[in-house]
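Everything on this sheet refers to the single structure shown next.
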Amino acid sequence: MLDVIIIGSGCAGNTAAIYTARANLKPLVVAGKEPGGQLSLTTLVENFPGFPEGVDGPVLVESMKQQAMNFGAEYIHGHVVEADLSERPFKLRIDHEWFETRTLIIASGASARWLNLPNEQRLIGHGVSSCATCDGFFYRGRKIMVIGGGDSAMEEANFLTRFGESVTLVHRRDQYRASKIMIERARNNPKIRMLTNTVVEDVYDAAQHLVTSAKLRNLQTNEVWEEPVDGFFVAIGHIPNTSPFIGQIELDADGYIVSKGGARTSRKGVFHAGDVQDRTYRQAITAAGAGCMAAIEAERFLEAEGH
Ligand SMILES: Cc1cc2nc3c(=O)[nH]c(=O)nc-3n(C[C@H](O)[C@H](O)[C@H](O)COP(=O)(O)OP(=O)(O)OC[C@H]3O[C@@H](n4cnc5c(N)ncnc54)[C@H](O)[C@@H]3O)c2cc1C
């Protein structure tokens, strides 16, 4: 029987592990299929406090893990496939084995939706991004492309005009899903060019490890062309990694965990941390802060029970 299991080894899970390990709770961290989480996909992180020269994303999350292990956190490779949170102790099936725990911290993140272009994954962190707040700064005076038609695509396109020489907003339909006000804001921004009925067929140039252009197709005319671009931002949404918890704790319509204040979920003893609940900020530092909150709540919860 464990005191705490932490699901996820991104910034939220690792920070929760540091705090719970220092509280002597001997946390077990389930690393998941993406050890290190989303930061392991990127290169330079310039906005995590404490690193004036920036820090490599994978190095940052690995350092957090080392810090947690130094205090006694245990990490296992594995993926939570099933959970029974109906009564305590909570039961989790990690691959083929069941584990029991008094408290649970869910820090399983939200995965960006990608376009599944032939070269897209190879260029993530090298010009392909899913986060304007994180990477916009790298494209000062450069050509930027944003893909999507919802509010977040409009917001990212507007935000990116602070940096880019131009922003081309590419959408496959002729109508946008975004709210009227966001569409108007984008339309009125002189730096934004809006291309509708247009799909991206690929992004280049994987051989140079650098985005240089995107291949586009107009769905009405079938015209295909290559557009020079330096920063390629995919803004077609995120998928919260909550499938094992459907029906176990309260989730919103999109599958994000509904917070009941602090780091609490609808189930006592189950806490949330990071992007799995936060659809607004989605940053390494906010995820780390949320991991700290979840750990303190788990610790106090156990203490109140006399553990
Ligand atoms: C390309 C890119 C660049 C970014 N750059 C920056 C940046 O410069 N600055 C910044 O602040 N933020 C940046 N971000 C955002 C930042 O990475 C996220 O906000 C942060 O990683 C969220 O942390 P998290 O721990 O909540 O989730 P994640 O990092 O998504 O980690 C989730 C973890 O949960 C695990 N998991 C998922 N499902 C299961 C399961 N069923 N069982 C077990 N484990 C599971 C995964 O394996 C993973 O380890 C970037 C994101 C991307 C994609």
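For ligands, and for the atoms within them, numbers begin at 1 and follow the listed sequence. Numbering starts at 1 and runs along the sequence shown.
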Item checked: ring pair (Phe, Tyr, Trp, His ring centres under 6.0 Å) contacts touching residues 201-230 (sequence neighbours left out) -> none

Next item on the list: Check the surroundings of atom CZ in Arg217: do more than 12 heavy atoms from other residues, nucleotides or ligands lie under 6.0 Å from it?
Entry: yes

Notebook entry, point to check: Is any N or O atom of Glu46, backbone or side chain, closer than 3.5 Å to an N or O atom of ligand 1?
Noted result: no

Note to self: Is it the case that the side chains of Asp275 and Gln38 hold a donor-acceptor pair, with the cut-off being a distance below 3.5 Å and no angle test?
What the structure shows: yes

Next item on the list: Examine ligand 1 and decide if any of its atoms is less than 4.0 Å from a heavy atom belonging to Ala112.
Entry: no

Next item on the list: Without swapping roles, check the side chain of Asn158 against the backbone of Met154 for a donor-acceptor pair under 3.5 Å.
Entry: yes

Notebook entry, point to check: Among all protein non-hydrogen atoms, which one is nearest to atom 51 (C) of ligand 1, and what is the separation to 0.1 Å?
Noted result: Gln38 OE1, 3.7 Å

Margin query: So, 4.0 Å and heavy atoms of Ala107: is ligand 1 close enough to count as a contact?
Written below: yes

Check: Using heavy atoms and a threshold below 4.0 Å, how should the contact between Thr42 and ligand 1 be classified: side chain, backbone, both, or neither?
Finding: side chain

Margin query: Pairs of nitrogen or oxygen atoms closer than 3.5 Å, one from Glu34 and one from ligand 1: do any exist?
Written below: yes

Margin query: Is the contact between Ser108 and ligand 1 made by the side chain, the backbone, both, or neither, using heavy atoms and a 4.0 Å cut-off?
Written below: both

Margin query: With side chain to side chain contact (heavy atoms under 4.5 Å, CB included) as the test, pick out the partner of Phe232 among Leu123, Leu117, Val146.
Written below: Leu117

Next item on the list: Could you say whether the N/O atoms of Ala31 and ligand 1 ever approach to under 3.5 Å?
Entry: yes

Checklist line | Backbone or side-chain N or O of Val80 under 3.5 Å from ligand 1 N or O | finding: yes

Next item on the list: Considering heavy atoms of the protein only, find what lies nearest to atom 27 (O) of ligand 1 and give residue, atom and distance to 0.1 Å.
Entry: Gly109 CA, 3.5 Å

Check: Nearest protein heavy atom to atom 31 (O) of ligand 1, by residue and atom, and its distance?
Finding: Gly37 CA, 3.4 Å

Margin query: When you compare ligand 1 with Ala12, is there at least one nitrogen or oxygen pair between them that comes in under 3.5 angstrom?
Written below: yes

Notebook entry, point to check: For Ser9, is the nearest heavy atom under 4.0 Å from an atom of ligand 1?
Noted result: yes

Check: Near Arg172 CZ, under 6.0 Å, is it more than 12 heavy atoms from other residues, nucleotides or ligands?
Finding: no

Next item on the list: Name the closest protein heavy atom to atom 26 (O) of ligand 1, giving the residue it belongs to and the distance to 0.1 Å.
Entry: Asp275 N, 2.9 Å

Check: Any N or O on Gly78 sitting closer than 3.5 Å to an N or O of ligand 1?
Finding: no

Next item on the list: May I ask you to check whether Asp174 and Asn197 show a side-chain donor-acceptor distance below 3.5 Å?
Entry: no

Checklist line | Nitrogen or oxygen of Asn241 less than 3.5 angstrom from that of ligand 1 | finding: no

Next item on the list: May I ask you to check whether over 12 heavy atoms, not counting those of Glu223, lie within 6.0 Å of atom CD?
Entry: yes

Check: Please, which pairs that meet ring pair (Phe, Tyr, Trp, His ring centres under 6.0 Å) have at least one residue in residues 109-152, sequence neighbours excluded?
Finding: Tyr139-Phe233

Checklist line | Step-by-step salt bridge (Lys or Arg N to Asp or Glu O under 4.0 Å) determination, Glu250 to Lys260 | finding: CA-CA 9 Å; Glu250 192 179 334; Lys260 296 291 171 180; 2.8 Å; yes

Check: Any N/O of Ala284 closer than 3.5 Å to an N/O of ligand 1?
Finding: yes

Next item on the list: Looking only at distances, please establish whether an N/O atom of ligand 1 is found under 3.5 Å from an N/O atom of Asn47.
Entry: yes

Item checked: Evaluation steps, side chain to side chain contact (heavy atoms under 4.5 Å, CB included), between Ile7 and Leu92 -> CA-CA 10 Å; Ile7 304 176; Leu92 295 175; 4.1 Å; yes

Next item on the list: Write out the residue and atom name of the closest protein heavy atom to atom 13 (C) of ligand 1, then the distance separating them to 0.1 Å.
Entry: Cys134 SG, 3.0 Å

Item checked: Plane angle bin for Phe163 and Phe159 - parallel if under 30°, tilted between 30 and 60°, otherwise perpendicular -> perpendicular

Notebook entry, point to check: Does an N or O from Arg282, backbone or side chain, lie closer than 3.5 Å to an N or O of ligand 1?
Noted result: yes

